Protein chains: 2
Amino acid sequence: MTDLPSVSLALDDQLCFKLYAASRAVTRAYKPMLDQLGLTYPQYLVMLVLWEWHACAPHLPTVKALGERLLLDSGTLTPLLKRLEQLALIKRRRSAADEREVHLSLSEAGQALRDRVQPLKARLLCDSGVDLSHADALRQGLDQLLRQIRALL
Amino acid sequence: MTDLPSVSLALDDQLCFKLYAASRAVTRAYKPMLDQLGLTYPQYLVMLVLWEWHACAPHLPTVKALGERLLLDSGTLTPLLKRLEQLALIKRRRSAADEREVHLSLSEAGQALRDRVQPLKARLLCDSGVDLSHADALRQGLDQLLRQIRALL
DNA sequence: GTTAATCATATTGTGTGCAATTGAATTGCT
DNA sequence: AGCAATTCAATTGCACACAATATGATTAAC
């Protein structure tokens with residue numbers, strides 16, 4: 001029977017709320033840029049992974065590998081990937097070697113889209129006026145928090 | 001024609017992704033506790049605001065006031081509040097003075113629920129092993145980021 | 001004192017997130 | 001080989017988020 005500390009329930013004291021609010025605010029800040037690209041925010045994250053994969057990895061990513069990278073499951077990814085396929089940005093192909101897997105690849109248009117992102121994101125970063133070293137410290141802090149939470153399973 | 005800086009598109013460099021991933025991870029960490037309370041995470045945040053309001057404010061909050069506090073709009077809040085009303089945790093009453101407004105108040109059960117949260121959250125905080133000063137620094141950093149983004153409109 | 005503009009909430013539609021289940025394919029064990 | 005356990009994707013159902021629109025109420029302009 002250990003003594004539990006008393007805990008604040010004030011909204012402004014909640015790290016969880018700040019995280020939730022800041023995450024949605026950042027997504028909103030990306031909206032004008034993403035509208036120009038015709039992507040939603042999660043679709044943009046998927047494209048980031050596929051661009052990165054396309055540049056360095058020797059084999060195509062599966063839905064599972066993508067999900068591990070983004071911490072999303074097939075219930076979220078399957079319909080999202082179908083929309084990206086409808087937009088002709090990606091291709092989905094059932095693996096011949098293991099028919100349970102679906103391999104993902106970029107179309108020409110999907111590859112080309114990357115070139116349009118760079119200047120838009122640079123402009124967004126400039127306009128936001130966010131201090132780079134401050135943002136970096138925040139990113140590292142979030143990384144540490146994420147690892148701790150994932151350690152709890 | 002200003003020169004735009006070159007920007008990384010690597011997923012791990014993106015503050016936005018760390019924020020998005022950490023926010024969802026924290027929500028998952030709250031899930032066992034919230035399941036015991038019969039609440040979803042956004043519903044829990046609404047209850048935090050109503051408990052706080054109930055304790056100090058002289059008048060009942062409206063949907064609008066709640067939305068300003070949580071940065072959510074009526075499209076999200078209206079159905080969520082109806083579910084909380086179905087759970088008999090809150091009451092919704094159209095204002096007599098201004099029929100555009102809906103005033104929110106806690107039921108007896110809604111007030112009583114607060115007492116069950118305190119120990120559950122203390123236990124969660126203990127088990128998480130998150131360093132308090134670290135969490136506090138993170139919270140302040142997020143606060144600053146949130147203010148900067150909101151300043152962009 | 002109408003009329004126009006504004007305001008607060010509700011509704012609709014699209015796109016996530018995520019738990020739970022399904023179903024097909026593969027692997028492991030014997 | 002045969003069968004149970006596991007794996008991967010898809011599906012289903014529910015609850016957000018949020019843009020866009022609608023509706024009714026209030027305020028402001030004239």
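Throughout, a chain's letter reflects where its sequence line sits, starting with A, and its residues are numbered from 1. A quick note: this is a predicted structure, and the numbers were derived from the prediction, not measured.
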Heavy atoms under 4.0 Å, any strand shown: does [X] hit a base, just sugar-phosphate, or nothing?
| X | result |
| --- | --- |
| A:L80 | sugar-phosphate |
| B:T40 | sugar-phosphate |
| B:A97 | sugar-phosphate |
| A:T62 | sugar-phosphate |
| A:R83 | base |

Practice problem: Assign each of A:E99 and A:Q43 to its nearest nucleotide of DNA chain C by heavy atoms, then name whichever residue's nucleotide is nearer the 5' end. | Solution: A:Q43

Practice problem: Taking only the side-chain heavy atoms of A:R100 (C-beta and beyond), determine which of C:dT6, C:dA24, C:dT16 contains the nearest atom. | Solution: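 Looking only at heavy atoms from C-beta outward on A:R100, the closest nucleotide is C:dA24.
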
Find the distance [X]:[atom1] to [N]:[atom2] and express it as a whole number of Å.
| X | N | atom1 | atom2 | result |
| --- | --- | --- | --- | --- |
| B:L60 | C:dA8 | CG | C1' | 16 Å |
| A:E68 | C:dC18 | CD | P | 15 Å |
| A:D35 | C:dT14 | CG | C1' | 13 Å |
| A:L77 | C:dT16 | CG | C1' | 10 Å |
| A:L81 | C:dG17 | CG | P | 13 Å |
| B:D73 | C:dC7 | CG | C1' | 15 Å |
| A:L84 | C:dG15 | CG | C1' | 12 Å |
| B:E101 | C:dT6 | CD | C1' | 14 Å |

Would you call [X] and [Y] a side-chain contact if the rule is heavy atoms closer than 4.5 Å?
| X | Y | value |
| --- | --- | --- |
| B:D143 | A:D12 | no |
| A:V26 | B:L145 | yes |
| A:L66 | A:W53 | no |
| A:Q118 | B:L9 | yes |

Exercise. Go through DNA chain D in 5' to 3' direction and return only the first and the last nucleotide with some atom under 4.0 Å of chain B's heavy atoms.
Key: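 Extent of the interface on DNA chain D: D:dA15 to D:dT26.
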
Quiz item: Should B:T78 be listed as having a side-chain N or O under 4.0 Å from OP1 or OP2 of C:dA10?
Solution: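 Checking C:dA10 against B:T78, a side-chain N or O does come within under 4.0 Å of OP1 or OP2.
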
Quiz prompt | Side-chain N,O (B:R94) to OP1/OP2 (C:dT9) below 4.0 Å | solution =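 No, B:R94 has no side-chain N/O under 4.0 Å of OP1/OP2 on C:dT9.
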
Quiz prompt | Side chain A:Q14, main chain A:S8, donor-acceptor under 3.5 Å | solution = yes

Quiz item: Quick one: on DNA chain D, does A:V63 or A:R24 contact a more 5' nucleotide (nearest heavy atom)?
Solution: A:V63

Quiz item: How do A:V102 and A:T27 order along DNA chain D: which one's closest nucleotide is nearer the 5' end?
Solution: A:V102

Quiz item: For the atom pair CG (B:L50) and CG (A:L11), what is the distance rounded to the nearest 0.5 Å?
Solution: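 The CG atom of B:L50 sits 10.5 Å away from the CG atom of A:L11.
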
Exercise. Report the distance from atom CD1 of A:I90 to atom CG of A:L81, rounding to the nearest 0.5 Å.
Key: 4.5 Å

Quiz item: When the ring planes of B:Y44 and B:Y30 are compared, do they come out parallel, tilted or perpendicular, using 30° and 60° as the limits?
Solution: tilted

